Amino acid sequence: MNYWLLKTEPETFGIADLERAPKRTASWDGVRNYQARNFLRDDVKAGDGALLYYSSCAEPGVVALLRVTRAGYPDPTAFDRKNKHFDPKSKPDAPRWYMIDVQLERKLGRTITLAELRTHADGALKNMRLLMPGNRLSVMPVSAAEWRYLLKLE
DNA sequence: GCCAACGTTGGC
DNA sequence: GCCAACGTTGGC
């Protein structure tokens, strides 16, 4: 089993949306970056754990734990002309973009902010992908050690 | 294949 | 809103 970090802007999609959803489960759609797509398509599996991360907001950081309930499958929003994430180059018989399903496991007791994570960038979180300069990936792996360390911080 | 122009991301 | 970093596009 592997661990991931999934980035979202809270106004676009967040904990409230998952809490409202049936079985607290929703599709993680709209990813339009090839590196992130490759993770979704090839590596993320049902049963994996994921950190829900809020970006572009007052307090960027990790806010909840998710469980992957379905591995990568074609993202239908790419086929929908009216959808914001429509991509005419993605076809149902040759999909370009993939999504997964995730379930809200639980909200964290508190937000573990990006600023706080950075204070560990010389130690336990030295190799954490999120903290690498210039990193903009919206789907990225998290090591088991990093996962455990975050839960300890909580 | 190169590279300039442009768009997006995301912290601050 | 600013701006740096990065990805994508398209002419050549």
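Predicted, not measured: the structure shown is a model, and the values here were computed from it.
A salt bridge is absent between A:Lys107 and A:Glu154; no separation between the charged side-chain nitrogens and carboxylate oxygens falls under 4.0 Å. Looking at A:Asp48 and A:Lys45, no side-chain N of the basic residue comes within less than 4.0 Å of a carboxylate O on the acidic one, giving no salt bridge.
Cation-pi geometry between A:Arg41 and A:Phe39 is not met at under 6.0 angstrom from the ring centre and within 45 degrees of the axis.
Aromatic ring pairs are classed by plane angle as parallel below 30°, tilted from 30° to 60° and perpendicular above 60°; the pair A:Trp97 and A:Tyr34 is tilted.
When heavy atoms are screened at a 4.0 angstrom cut-off, A:Ser55 is found touching the sugar-phosphate backbone but no base atom. As judged by a 4.0 angstrom heavy-atom cut-off over every strand, A:Tyr53 is placed among residues touching the sugar-phosphate backbone only. Contacts of A:Lys84 with the nucleic acid, taken as non-hydrogen atoms under 4.0 Å apart, are absent.
Closest to the side chain of A:Gln35, out of B:dG11, C:dT9, C:dG7, is C:dG7. Distance from the side chain of A:Ser56 is smallest to B:dG10 among B:dG10, B:dC12, C:dT8.
Straight-line distance from the NZ atom of A:Lys89 to the P atom of C:dG10: 6 Å, rounded to whole Å. If you measure from atom CZ of A:Arg129 to atom P of C:dC6, you get 13 Å, rounded to the nearest angstrom.
Not one side-chain nitrogen or oxygen of A:Lys7 sits closer than 4.0 Å to the OP1 or OP2 atom of B:dG11.
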